[in-house]
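Side-chain atoms are counted along with the backbone in the values below, which use heavy atoms only and exclude waters and symmetry mates. So you know, we letter chains A, B, ... as the sequences are listed, proteins then strands, and number each from 1.
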Amino acid sequence: MNWKLAITGVATLCLFVGAGTLLSPASVAQDAKIDAKTLKPAASFQSIANERERSVALFQEAGKVIQHPRCVNCHPATDRPLQGVNMHPHQPPVFRGDGGMGLPGMQCTTCHSAENTPVVGQADTIKSIPGNPAWHLAPIEMAWVGKSLAQICQQIKDPARNGGKTMDQIVEHMAHDELVGWGWKPGAGREPVPGTQAQFGELISAWVKSGAACPAS
Amino acid sequence: MVTFTLNGQERTFDGDPDTPLLWVIRDFEKLTGTKYGCGVAQCGACTVHLDGTPRRSCVTPISTIEGSEVVTIEGVSGTEADAVKTAWTGLDVPQCGYCQSGQIMSAVALLQMVPKPTDADIDGAMAGNICRCATYHRIRAAIHNAASSMEG
Ligand code: FES
Ligand code: FES
(Lines give C-alpha, C1' and ligand atoms only; values in the text may rest on other atoms or scores of the structure.)
(Ligands and ions follow the chains in the order given, each with its own letter.)
Protein backbone atom coordinates (compact mmCIF):
# COMPACT_ATOMS: atom_id res chain seq x y z
CA MET A 1 0.00 0.00 0.00
CA ASN A 2 2.89 2.34 0.73
CA TRP A 3 4.17 1.62 -2.75
CA LYS A 4 0.83 2.64 -4.20
CA LEU A 5 0.93 5.85 -2.18
CA ALA A 6 4.44 6.50 -3.38
CA ILE A 7 3.27 6.16 -6.97
CA THR A 8 0.33 8.46 -6.28
CA GLY A 9 2.81 10.88 -4.71
CA VAL A 10 4.99 10.82 -7.81
CA ALA A 11 1.94 11.31 -10.01
CA THR A 12 0.85 14.28 -7.92
CA LEU A 13 4.32 15.71 -8.12
CA CYS A 14 4.29 15.42 -11.89
CA LEU A 15 1.01 17.26 -11.93
CA PHE A 16 2.41 20.23 -10.03
CA VAL A 17 6.05 20.27 -10.95
CA GLY A 18 5.88 18.76 -14.38
CA ALA A 19 2.72 20.51 -15.54
CA GLY A 20 2.83 18.62 -18.77
CA THR A 21 6.60 18.63 -19.16
CA LEU A 22 8.09 15.22 -19.74
CA LEU A 23 10.40 14.37 -16.84
CA SER A 24 12.91 11.57 -17.01
CA PRO A 25 12.15 8.75 -14.52
CA ALA A 26 15.45 9.45 -12.75
CA SER A 27 14.65 13.09 -12.09
CA VAL A 28 11.14 12.17 -10.96
CA ALA A 29 12.59 9.67 -8.50
CA GLN A 30 15.07 12.26 -7.26
CA ASP A 31 12.38 14.93 -6.82
CA ALA A 32 10.10 12.47 -5.06
CA LYS A 33 12.90 11.63 -2.67
CA ILE A 34 13.61 15.25 -1.80
CA ASP A 35 9.89 15.87 -1.69
CA ALA A 36 9.32 13.32 1.08
CA LYS A 37 11.62 15.29 3.38
CA THR A 38 10.09 18.73 2.90
CA LEU A 39 6.67 20.34 2.92
CA LYS A 40 5.53 22.70 0.22
CA PRO A 41 4.28 25.98 1.69
CA ALA A 42 0.50 26.38 1.82
CA ALA A 43 0.75 29.51 -0.34
CA SER A 44 2.20 27.52 -3.23
CA PHE A 45 -1.18 25.80 -3.65
CA GLN A 46 -2.91 29.06 -4.56
CA SER A 47 -2.15 28.32 -8.21
CA ILE A 48 -4.78 25.56 -8.14
CA ALA A 49 -7.87 27.48 -9.20
CA ASN A 50 -10.48 24.86 -8.33
CA GLU A 51 -11.04 25.18 -4.58
CA ARG A 52 -11.92 21.54 -4.04
CA GLU A 53 -8.86 20.36 -5.91
CA ARG A 54 -6.74 22.83 -3.96
CA SER A 55 -8.16 21.56 -0.68
CA VAL A 56 -7.44 17.94 -1.59
CA ALA A 57 -3.90 18.84 -2.68
CA LEU A 58 -3.28 20.66 0.61
CA PHE A 59 -4.41 17.63 2.60
CA GLN A 60 -2.29 15.30 0.47
CA GLU A 61 0.74 17.47 1.24
CA ALA A 62 -0.11 17.40 4.97
CA GLY A 63 -0.49 13.63 4.54
CA LYS A 64 3.29 13.38 4.22
CA VAL A 65 3.36 14.20 7.92
CA ILE A 66 0.18 12.39 8.96
CA GLN A 67 1.18 9.10 7.32
CA HIS A 68 4.79 9.21 8.50
CA PRO A 69 5.63 6.31 10.85
CA ARG A 70 6.56 8.88 13.54
CA CYS A 71 2.85 9.77 13.70
CA VAL A 72 1.14 6.52 12.70
CA ASN A 73 3.10 4.34 15.16
CA CYS A 74 1.17 5.79 18.09
CA HIS A 75 -2.19 5.68 16.28
CA PRO A 76 -2.31 1.85 16.26
CA ALA A 77 -5.34 -0.18 15.23
CA THR A 78 -4.71 -2.65 18.05
CA ASP A 79 -3.77 -2.01 21.68
CA ARG A 80 -0.05 -2.25 20.90
CA PRO A 81 1.94 0.67 19.49
CA LEU A 82 4.36 0.28 16.60
CA GLN A 83 7.99 1.33 16.57
CA GLY A 84 10.59 2.54 14.09
CA VAL A 85 10.35 3.58 10.44
CA ASN A 86 9.67 -0.06 9.58
CA MET A 87 6.69 0.07 11.95
CA HIS A 88 7.29 -3.14 13.86
CA PRO A 89 5.30 -3.95 17.03
CA HIS A 90 6.71 -2.06 20.03
CA GLN A 91 9.40 -3.86 22.02
CA PRO A 92 9.08 -4.58 24.85
CA PRO A 93 5.41 -5.52 24.40
CA VAL A 94 3.33 -2.72 25.85
CA PHE A 95 -0.41 -2.15 25.69
CA ARG A 96 -2.82 0.75 25.65
CA GLY A 97 -4.24 0.73 29.21
CA ASP A 98 -6.15 3.63 30.76
CA GLY A 99 -5.85 6.83 28.76
CA GLY A 100 -3.38 5.19 26.38
CA MET A 101 -0.70 5.42 29.07
CA GLY A 102 0.02 1.71 29.45
CA LEU A 103 -0.98 -1.05 31.87
CA PRO A 104 -0.46 -0.96 35.65
CA GLY A 105 3.19 -1.74 36.29
CA MET A 106 4.19 -1.17 32.66
CA GLN A 107 3.21 2.35 31.78
CA CYS A 108 4.75 4.59 29.14
CA THR A 109 6.58 6.38 31.95
CA THR A 110 8.32 3.17 33.03
CA CYS A 111 10.75 3.94 30.20
CA HIS A 112 9.77 7.20 28.46
CA SER A 113 10.68 10.52 30.10
CA ALA A 114 9.52 14.07 29.54
CA GLU A 115 12.37 14.48 27.05
CA ASN A 116 14.22 12.41 24.48
CA THR A 117 16.90 10.63 26.45
CA PRO A 118 20.31 9.92 24.91
CA VAL A 119 21.60 6.44 25.69
CA VAL A 120 25.20 5.97 26.69
CA GLY A 121 27.68 3.39 25.47
CA GLN A 122 25.40 1.69 22.93
CA ALA A 123 25.56 0.60 19.31
CA ASP A 124 25.38 3.34 16.68
CA THR A 125 21.91 2.15 15.76
CA ILE A 126 20.46 3.03 19.18
CA LYS A 127 20.96 6.67 20.05
CA SER A 128 18.07 7.74 22.26
CA ILE A 129 14.83 6.77 23.96
CA PRO A 130 12.04 9.06 22.77
CA GLY A 131 10.15 11.12 25.32
CA ASN A 132 7.65 13.91 25.83
CA PRO A 133 5.61 15.07 28.85
CA ALA A 134 2.40 13.95 27.12
CA TRP A 135 3.69 10.59 25.81
CA HIS A 136 0.67 8.30 25.24
CA LEU A 137 -1.27 6.47 22.53
CA ALA A 138 -4.01 8.05 20.47
CA PRO A 139 -7.42 6.60 21.42
CA ILE A 140 -8.58 3.60 19.39
CA GLU A 141 -11.19 5.66 17.49
CA MET A 142 -8.27 7.66 16.13
CA ALA A 143 -6.50 4.53 14.81
CA TRP A 144 -4.62 5.26 11.56
CA VAL A 145 -2.68 2.06 10.98
CA GLY A 146 -3.94 0.34 7.82
CA LYS A 147 -6.06 3.30 6.70
CA SER A 148 -5.76 5.21 3.45
CA LEU A 149 -5.18 8.96 3.51
CA ALA A 150 -8.78 9.40 2.32
CA GLN A 151 -10.06 7.38 5.27
CA ILE A 152 -7.85 9.27 7.73
CA CYS A 153 -9.13 12.55 6.25
CA GLN A 154 -12.77 11.59 6.90
CA GLN A 155 -11.80 10.38 10.36
CA ILE A 156 -10.11 13.67 11.27
CA LYS A 157 -13.27 15.57 10.33
CA ASP A 158 -15.60 13.30 12.29
CA PRO A 159 -16.15 14.58 15.86
CA ALA A 160 -16.98 11.02 16.95
CA ARG A 161 -13.49 9.97 15.91
CA ASN A 162 -11.44 13.11 16.49
CA GLY A 163 -11.99 13.62 20.21
CA GLY A 164 -15.03 15.87 19.68
CA LYS A 165 -12.97 18.59 18.02
CA THR A 166 -14.27 21.37 15.78
CA MET A 167 -12.25 22.08 12.66
CA ASP A 168 -10.74 25.14 14.37
CA GLN A 169 -9.62 22.90 17.20
CA ILE A 170 -8.12 20.48 14.67
CA VAL A 171 -6.07 23.32 13.20
CA GLU A 172 -4.96 24.36 16.68
CA HIS A 173 -4.09 20.77 17.60
CA MET A 174 -2.03 20.15 14.46
CA ALA A 175 -0.28 23.52 14.63
CA HIS A 176 0.51 23.69 18.34
CA ASP A 177 0.01 20.42 20.23
CA GLU A 178 3.24 19.52 21.96
CA LEU A 179 3.06 15.78 21.36
CA VAL A 180 2.25 16.36 17.67
CA GLY A 181 5.29 18.65 17.68
CA TRP A 182 7.49 15.82 18.92
CA GLY A 183 7.35 14.45 15.36
CA TRP A 184 9.68 17.24 14.26
CA LYS A 185 12.13 16.70 17.12
CA PRO A 186 12.05 12.95 17.70
CA GLY A 187 15.53 12.68 19.21
CA ALA A 188 18.84 11.37 17.95
CA GLY A 189 18.63 8.35 15.67
CA ARG A 190 15.07 8.96 14.47
CA GLU A 191 13.96 10.60 11.21
CA PRO A 192 11.76 13.63 11.83
CA VAL A 193 8.53 14.15 9.90
CA PRO A 194 8.90 16.54 6.92
CA GLY A 195 8.89 20.33 7.12
CA THR A 196 8.10 22.21 10.32
CA GLN A 197 5.07 22.15 12.61
CA ALA A 198 4.32 25.75 11.58
CA GLN A 199 4.28 24.77 7.88
CA PHE A 200 2.13 21.75 8.69
CA GLY A 201 -0.27 23.94 10.69
CA GLU A 202 -0.55 26.32 7.74
CA LEU A 203 -1.33 23.45 5.37
CA ILE A 204 -4.08 22.18 7.69
CA SER A 205 -5.42 25.69 8.19
CA ALA A 206 -5.52 26.33 4.42
CA TRP A 207 -7.14 22.92 3.92
CA VAL A 208 -9.91 23.79 6.40
CA LYS A 209 -10.41 27.27 4.87
CA SER A 210 -10.73 25.74 1.41
CA GLY A 211 -13.55 23.45 2.56
CA ALA A 212 -11.60 20.55 4.11
CA ALA A 213 -12.10 18.35 1.06
CA CYS A 214 -10.86 14.79 1.28
CA PRO A 215 -9.05 12.78 -1.38
CA ALA A 216 -11.24 10.22 -3.18
CA SER A 217 -8.92 7.34 -2.32
CA MET B 1 24.26 18.81 41.92
CA VAL B 2 21.26 16.50 42.13
CA THR B 3 19.67 15.66 45.48
CA PHE B 4 17.40 12.64 45.81
CA THR B 5 16.36 10.01 48.31
CA LEU B 6 17.77 6.50 47.94
CA ASN B 7 16.13 3.82 50.09
CA GLY B 8 15.01 6.49 52.53
CA GLN B 9 18.33 8.33 52.81
CA GLU B 10 19.10 11.69 51.23
CA ARG B 11 21.88 11.43 48.65
CA THR B 12 23.56 13.85 46.28
CA PHE B 13 25.36 13.43 42.96
CA ASP B 14 27.38 16.12 41.25
CA GLY B 15 28.86 14.28 38.27
CA ASP B 16 27.71 14.46 34.66
CA PRO B 17 23.95 15.21 34.66
CA ASP B 18 23.44 12.67 31.84
CA THR B 19 24.75 9.83 34.02
CA PRO B 20 22.09 7.11 34.12
CA LEU B 21 20.55 6.54 37.55
CA LEU B 22 21.62 2.89 37.24
CA TRP B 23 25.28 3.88 37.11
CA VAL B 24 24.89 6.16 40.12
CA ILE B 25 23.22 3.36 42.10
CA ARG B 26 25.80 0.73 41.18
CA ASP B 27 29.08 2.60 40.70
CA PHE B 28 28.76 5.49 43.14
CA GLU B 29 26.38 4.19 45.80
CA LYS B 30 27.78 0.65 45.47
CA LEU B 31 24.34 -0.91 45.62
CA THR B 32 24.88 -3.71 43.11
CA GLY B 33 21.59 -5.56 43.54
CA THR B 34 20.14 -3.58 40.62
CA LYS B 35 21.50 -5.12 37.41
CA TYR B 36 22.64 -3.86 34.02
CA GLY B 37 21.22 -6.01 31.27
CA CYS B 38 20.84 -3.93 28.13
CA GLY B 39 21.04 -0.21 28.92
CA VAL B 40 18.20 0.61 26.53
CA ALA B 41 14.96 -0.22 28.37
CA GLN B 42 14.63 -3.62 26.73
CA CYS B 43 15.19 -6.11 29.55
CA GLY B 44 13.96 -4.77 32.91
CA ALA B 45 17.00 -5.90 34.93
CA CYS B 46 17.59 -2.32 36.13
CA THR B 47 14.03 -1.72 37.43
CA VAL B 48 13.74 0.46 40.55
CA HIS B 49 10.81 2.33 42.05
CA LEU B 50 10.89 6.03 41.27
CA ASP B 51 8.38 7.94 43.37
CA GLY B 52 6.46 4.71 43.88
CA THR B 53 6.26 3.45 40.31
CA PRO B 54 8.53 1.08 38.38
CA ARG B 55 11.19 2.79 36.32
CA ARG B 56 14.06 1.55 34.16
CA SER B 57 17.05 3.19 35.82
CA CYS B 58 19.30 2.62 32.76
CA VAL B 59 17.35 5.24 30.77
CA THR B 60 16.85 7.69 33.62
CA PRO B 61 19.39 10.53 33.54
CA ILE B 62 20.29 11.50 37.08
CA SER B 63 19.41 15.13 36.25
CA THR B 64 15.74 14.15 35.92
CA ILE B 65 15.31 12.80 39.45
CA GLU B 66 15.95 15.92 41.54
CA GLY B 67 13.82 15.61 44.69
CA SER B 68 12.60 12.12 43.82
CA GLU B 69 12.46 9.00 45.94
CA VAL B 70 14.33 6.00 44.59
CA VAL B 71 13.87 2.53 46.06
CA THR B 72 16.07 -0.37 44.98
CA ILE B 73 15.94 -4.11 45.70
CA GLU B 74 18.07 -3.43 48.78
CA GLY B 75 15.49 -1.06 50.25
CA VAL B 76 12.11 -2.29 49.07
CA SER B 77 9.84 -3.00 52.03
CA GLY B 78 6.24 -3.29 53.16
CA THR B 79 3.42 -5.81 52.94
CA GLU B 80 3.78 -6.51 49.21
CA ALA B 81 7.58 -6.82 49.40
CA ASP B 82 7.30 -9.24 52.32
CA ALA B 83 4.68 -11.31 50.51
CA VAL B 84 6.81 -11.42 47.36
CA LYS B 85 9.90 -12.44 49.30
CA THR B 86 8.06 -15.32 50.97
CA ALA B 87 6.45 -16.44 47.72
CA TRP B 88 9.75 -16.22 45.82
CA THR B 89 11.69 -18.31 48.29
CA GLY B 90 8.72 -20.69 48.67
CA LEU B 91 8.80 -21.57 44.98
CA ASP B 92 12.55 -21.17 44.53
CA VAL B 93 11.82 -18.82 41.66
CA PRO B 94 15.34 -17.75 40.55
CA GLN B 95 17.54 -19.85 38.32
CA CYS B 96 20.74 -17.84 37.73
CA GLY B 97 19.15 -14.86 39.45
CA TYR B 98 20.43 -12.11 37.19
CA CYS B 99 17.01 -10.78 36.20
CA GLN B 100 15.39 -11.35 39.55
CA SER B 101 15.84 -8.02 41.31
CA GLY B 102 14.13 -6.40 38.33
CA GLN B 103 11.41 -9.06 38.36
CA ILE B 104 10.82 -8.53 42.06
CA MET B 105 10.67 -4.73 41.78
CA SER B 106 8.09 -5.05 38.99
CA ALA B 107 6.12 -7.69 40.91
CA VAL B 108 6.01 -5.61 44.12
CA ALA B 109 4.87 -2.54 42.17
CA LEU B 110 2.16 -4.58 40.44
CA LEU B 111 0.82 -5.88 43.78
CA GLN B 112 0.85 -2.34 45.21
CA MET B 113 -1.33 -1.22 42.29
CA VAL B 114 -3.38 -4.40 41.72
CA PRO B 115 -3.57 -6.48 44.92
CA LYS B 116 -5.23 -9.49 43.24
CA PRO B 117 -3.82 -9.55 39.70
CA THR B 118 -5.14 -11.85 36.97
CA ASP B 119 -2.82 -13.69 34.58
CA ALA B 120 -3.46 -10.87 32.11
CA ASP B 121 -2.51 -8.24 34.70
CA ILE B 122 0.70 -10.17 35.40
CA ASP B 123 1.54 -10.51 31.70
CA GLY B 124 0.93 -6.80 31.20
CA ALA B 125 3.06 -5.65 34.11
CA MET B 126 5.89 -8.15 33.68
CA ALA B 127 6.18 -8.08 29.87
CA GLY B 128 9.23 -5.83 30.02
CA ASN B 129 11.18 -8.06 32.41
CA ILE B 130 13.08 -10.64 30.43
CA CYS B 131 14.44 -13.82 32.03
CA ARG B 132 17.04 -15.67 30.01
CA CYS B 133 16.48 -18.72 32.26
CA ALA B 134 12.76 -18.61 31.46
CA THR B 135 11.52 -18.68 35.04
CA TYR B 136 8.30 -17.04 33.84
CA HIS B 137 6.01 -19.83 35.06
CA ARG B 138 7.40 -19.68 38.58
CA ILE B 139 7.28 -15.87 38.56
CA ARG B 140 3.61 -15.93 37.65
CA ALA B 141 2.80 -18.59 40.26
CA ALA B 142 4.76 -16.71 42.92
CA ILE B 143 2.89 -13.47 42.22
CA HIS B 144 -0.42 -15.33 42.60
CA ASN B 145 0.86 -16.88 45.84
CA ALA B 146 1.96 -13.49 47.14
CA ALA B 147 -1.45 -12.00 46.31
CA SER B 148 -3.24 -14.86 48.11
CA SER B 149 -1.02 -14.50 51.16
CA MET B 150 -1.95 -10.81 51.48
CA GLU B 151 -5.68 -11.51 51.56
CA GLY B 152 -7.64 -11.14 54.78
S1 FES C 1 19.32 -2.54 31.74
FE2 FES C 1 17.64 -1.23 31.90
S3 FES C 1 16.10 -2.28 30.84
FE4 FES C 1 17.86 -3.50 30.46
S1 FES D 1 16.80 -16.28 36.55
FE2 FES D 1 18.39 -16.24 35.09
S3 FES D 1 17.84 -14.53 33.90
FE4 FES D 1 16.12 -14.80 35.11
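Counted within 6.0 Å of CG on Asp98(A), heavy atoms from surrounding residues, nucleotides or ligands total 12 or fewer; the atom is thus considered open. In the displayed structure, Lys165(A) atom NZ is contacted under 6.0 Å by more than 12 heavy atoms of other residues, nucleotides or ligands. In the displayed structure, Lys157(A) atom NZ is contacted under 6.0 Å by more than 12 heavy atoms of other residues, nucleotides or ligands.
Per-residue heavy-atom pair counts under 4.5 Å with chain B were compared for Ile129(A), Thr110(A), Leu103(A), Thr109(A), and the maximum is reached by Thr110(A). Of all the listed residues (Ile130(B), Asp18(B), Asp121(B), Val40(B)), the one sharing the greatest number of non-hydrogen pairs under 4.5 Å with chain A is Val40(B).
Both the backbone and the side chain of Pro54(B) come within contact range of chain A, with heavy atoms under 4.5 Å apart. There is no contact between Cys43(B) and chain A, counting heavy-atom distances below 4.5 Å. For Gln122(A), the part sitting under 4.5 Å from any heavy atom of chain B is the side chain, from C-beta outward, and nothing else.
A donor-acceptor pair under 3.5 Å links the side-chain atoms of Gln42(B) to the main chain of Gln91(A), judged by distance alone.
For the atom pair Met113(B) CE and Met106(A) CE, the distance stands at 11.5 Å (nearest 0.5 Å). With rounding to the nearest 0.5 angstrom, the CD atom of Glu115(A) is 7.5 Å from the OG atom of Ser63(B).
Nearest heavy atom pair, residue Ala127(B) against residue Pro93(A), reads CB-O, 3.5 Å. Taking all atoms of both residues into account, the shortest heavy-atom contact from Ala125(B) to Pro104(A) is CB-O, 3.3 Å.
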_Using the rule given for side chain to side chain contact (heavy atoms under 4.5 Å, CB included), can you reason through Arg55(B) versus Ser113(A), listing the C-alpha separation, both sets of side-chain angles and the distance that settles it, and then say yes or no?_
CA-CA 10 Å; Arg55(B) 174 78 199 171; Ser113(A) 315; 2.9 Å; yes

